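Worksheet: the structure to be examined is printed underneath.
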2 protein chains.
Amino acid sequence: MGIERHMPGRQPRTRIQKKNTETILEAALDVFSQHGFRGATLDQIAKAAGLSKPNLLYYFPSKVAIHRALIDGLMQTWLDPLRKMRADGDPIEELLAYVLRKLDMAREYPRESRLFANEIVQGAPNIMDKIEGELKDLVEEKAKVIEAWIATGKIAPVNPYHLLFSIWSTTQHYADFDAQVRAILHPEGDSHFTDAAEYLETLFRRMLTP
Amino acid sequence: MGIERHMPGRQPRTRIQKKNTETILEAALDVFSQHGFRGATLDQIAKAAGLSKPNLLYYFPSKVAIHRALIDGLMQTWLDPLRKMRADGDPIEELLAYVLRKLDMAREYPRESRLFANEIVQGAPNIMDKIEGELKDLVEEKAKVIEAWIATGKIAPVNPYHLLFSIWSTTQHYADFDAQVRAILHPEGDSHFTDAAEYLETLFRRMLTP
DNA sequence: CGCAGGTTTGACCATTTGGTCAAGAGAACA
DNA sequence: TGTTCTCTTGACCAAATGGTCAAACCTGCG
């Protein structure tokens with residue numbers, strides 16, 4: 001009984017497997033984040049990874065498998081900044097720290113941000129389960145925390161869901177709409193992130209101060 | 001000398017041409033906004049328009065021509081809300097009215113918003129000229145207006161560019177990330193836009209009040 | 001009606017794309 | 001050293017895709 005002929009199992013077993021799966025995911029992040037799922041091709045990814053196309057398909061069974069592996073690996077990292085928001089800290093400082101962490105992620109991991117943006121703009125066909133699962137659960141948990149802070153008068157009353165939406169949108173904007181931001185500001189490197197941090201800190205501090 | 005064999009000129013001449021070009025652009029808006037340029041296919045657009053593929057190519061010479069025609073027609077509408085911001089009105093009310101107009105557009109024209117979002121997330125390959133032209137000019141003009149308002153003390157001092165970015169991102173979020181917003185709030189129809197309007201009005205009023 | 005123009009489409013084409021396969025090249029280990 | 005398992009790839013395939021073309025079909029108008 002032949003079962004699966006070759007194709008490594010879910011976890012890389014050898015050094016070469018580990019190195020190559022990493023190389024592939026790195027290249028795939030480049031390509032998927034730039035062109036979206038349908039716009040990306042295996043040839044592009046293979047070329048970016050310096051491997052042959054059949055070799056990609058030795059490590060991953062299909063194009064969508066590569067995409068899924070990427071998203072799975074990233075979702076964890078992506079939700080980290082929100083998870084780190086502690087209910088027992090100072091409310092305003094916790095929220096502002098969250099804003100700045102999110103902005104840092106937009107600067108450090110713009111490809112990851114664009115990967116999600118591409119996916120969600122197109123209706124989230126491949127990650128809706130994760131949005132309705134992990135993300136939604138975390139958001140509801142944190143919305144309760146924010147409501148508790150409001151109840152104690154530590155922050156001004158605001159709709160916690162729309163507060164989170166506005167934090168996401170304003171910070172991710174600098175990654176997702178990078179092309180537009182740069183066309184308008186034509187900054188040197190990432191210099192505009194300093195201004196963005198100052199602006200967003202002011203924006204949300206004024207919003208939240210009771 | 002045959003010149004162009006058939007293919008209508010830039011402007012529709014007959015009723016049928018007018019009707020069909022409109023049908024095609026409408027269908028193309030559906031498809032491009034959902035899948036991005038590379039992800040959209042002529043077959044999809046043809047099917048959505050109820051026309052045959054060769055018939056599409058009778059009215060438009062190529063896929064990119066359809067896309068370009070769409071973008072050209074939309075850029076005008078897209079910049080309207082910002083154009084309407086009057087330098088001689090009450091600063092805070094002008095800016096808040098702009099925010100609400102932008103939010104209205106996200107509700108009324110989500111496909112248009114996603115069309116631009118798709119394009120810009122992927123590096124704006126087809127519209128960079130317009131961003132660096134019309135959009136940039138308009139933004140610089142309005143940034144000066146905002147700075148003048150700040151100089152007179154009518155609004156709190158803020159970076160006008162980042163203010164505009166935050167208005168764009170927070171409002172367009174409800175169109176571009178609609179799938180995510182709905183997954184988290186699961187609203188009936190557009191009911192969440194009422195909460196969004198209230199939230200954003202509060203957010204920017206607090207930001208701008210001196 | 002007749003017919004000159006605009007309109008529509010079936011059949012076709014070259015290229016691209018995701019994916020397969022069998023055979024060969026490398027490692028590893030006894 | 002030989003053998004077994006891992007890794008790599010050139011050649012190939014079917015489907016999808018953007019686009020062409022000649023022939024047929026309308027339609028308005030004299």
Side-chain angles (χ1 to χ4, degrees), chain A residues 1-25 27-28 30-32 34-70 122 125-126, chain B residues 1-25 27-28 30-32 34-70 122 125-126:
Chain A
M1 36 182 92
I3 316 183
E4 308 145 14
R5 199 133 7 145
H6 44 38
M7 194 235 285
R10 301 288 158 239
Q11 298 294 358
R13 300 272 164 224
T14 74
R15 277 171 239 161
I16 294 181
Q17 276 177 38
K18 193 178 176 198
K19 194 193 71 178
N20 280 350
T21 51
E22 277 171 12
T23 305
I24 291 169
L25 289 176
D30 259 9
V31 177
F32 281 132
Q34 208 169 119
H35 301 289
F37 179 74
R38 290 205 51 181
T41 73
L42 285 178
D43 286 289
Q44 281 178 94
I45 298 172
K47 194 179 170 189
L51 299 172
S52 67
K53 187 167 62 171
N55 209 0
L56 287 198
L57 294 164
Y58 171 72
Y59 290 102
F60 294 91
S62 68
K63 185 185 172 185
V64 312
I66 300 178
H67 192 255
R68 224 188 309 271
L70 255 188
Q122 301 186 8
N126 297 314
Chain B
M1 41 181 92
I3 317 183
E4 309 146 10
R5 198 131 11 145
H6 43 36
M7 193 233 286
R10 301 286 158 242
Q11 298 294 355
R13 299 270 165 223
T14 75
R15 277 171 238 159
I16 295 181
Q17 276 175 38
K18 194 179 175 196
K19 193 194 72 181
N20 280 350
T21 50
E22 277 171 11
T23 305
I24 291 169
L25 289 176
D30 259 10
V31 177
F32 280 132
Q34 206 168 120
H35 302 288
F37 180 75
R38 290 205 52 181
T41 73
L42 286 178
D43 286 289
Q44 281 177 96
I45 298 172
K47 194 178 171 189
L51 298 172
S52 68
K53 186 168 60 168
N55 208 2
L56 286 199
L57 295 164
Y58 171 71
Y59 290 102
F60 293 90
S62 67
K63 184 184 173 186
V64 312
I66 301 178
H67 192 257
R68 225 188 308 271
L70 256 188
Q122 302 185 8
N126 297 313

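Values in this document were obtained by computation on a predicted structure and should not be read as measured data. Computed over heavy atoms, backbone and side chain alike; hydrogens, waters and symmetry mates excluded. The chains referred to below are lettered A, B, ... by the order of the sequence lines, with proteins before strands, and numbering in each begins at 1.
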Q. How do A/L56 and A/R38 order along DNA chain D: which one's closest nucleotide is nearer the 5' end?
A. A/L56

Q | Distance in angstrom units between B/K18 NZ and C/dT7 P, rounded | A | 14 Å

**Q.** N or O in side chain of B/N20 less than 4.0 angstrom from C/dG6 OP1/OP2
**A.** no

Q.
Just the rounded figure in Å: distance from C1' of D/dG19 to CG of B/N55.
A. 14 Å

Q: Check A/I24 against A/I45 and note the closest heavy-atom contact, atom names and distance.
A: O-CG2, 4.3 Å

Q: Examine D/dT6: is either OP1 or OP2 under 4.0 Å from a nitrogen or oxygen in the side chain of A/Q17? Give yes or no.
A: no

Q: Hey, which sits more toward the 5' end of DNA chain D by its nearest nucleotide, B/V64 or A/S52?
A: A/S52

At a cut-off of 3.5 Å, list every protein nitrogen or oxygen paired with a nitrogen or oxygen from nucleotides 24-29 of chain C, distance to 0.1 Å.
none

Q | Non-neighbouring partners of A/H67 that pass ring pair (Phe, Tyr, Trp, His ring centres under 6.0 Å), sequence neighbours left out | A | A/F32, A/F37

Q. How many Å lie between CG on B/L57 and P on C/dT9, as a whole number?
A. 13 Å

Q: Check whether any side-chain N or O of B/Y58 sits under 4.0 Å from OP1 or OP2 of C/dT7, and answer yes or no.
A: yes

**Q.** Heavy-atom pair of closest approach, residues A/A46 and A/S52
**A.** CB-C, 4.1 Å

Q: Find out whether A/N126 and A/V64 are in side-chain contact, i.e. whether some heavy atom of one side chain is under 4.5 Å from a heavy atom of the other.
A: no

Q | Pairwise salt bridge (charged side-chain N to carboxylate O under 4.0 Å, His left out) hits with a residue in residues 34-49 of chain B, at least two apart | A | B/D43-B/K53

Q.
Determine whether a donor-acceptor pair (one donor, one acceptor, N or O, separation below 3.5 Å) exists between the side chain of A/K53 and the base of C/dG18.
A. yes

Q: Remember a base hit wins even if backbone is also touched, and classify B/A40 as base, sugar-phosphate or nothing at under 4.0 Å, heavy atoms.
A: sugar-phosphate

(Q) On DNA chain C, does the nearest nucleotide to B/P54 precede the nearest nucleotide to A/F37 from the 5' side, or the other way round? Give the residue. (A) B/P54

Q: Report the distance from atom NZ of B/K63 to atom P of D/dA16, rounded to the nearest whole Å.
A: 16 Å

Q | Distance-minimising heavy-atom pair for A/L56 and A/L42 | A | CD1-O, 3.7 Å

Q) Do any of residues 41-49 of chain A sit with a heavy atom less than 4.0 Å from DNA chain D, and if so which? A) none

(Q) Please enumerate all residues that pass side-chain hydrogen bond (donor to acceptor under 3.5 Å, both in side chains) together with A/Q44, with sequence neighbours excluded. (A) A/H35, A/T41

Q: With sequence neighbours left out, write down each residue that passes side-chain hydrogen bond (donor to acceptor under 3.5 Å, both in side chains) with A/N55, or none if nothing qualifies.
A: none

Q: Can you tell me which residue pairs pass the salt bridge (charged side-chain N to carboxylate O under 4.0 Å, His left out) test with a partner in residues 56-66 of chain B, sequence neighbours excluded?
A: none

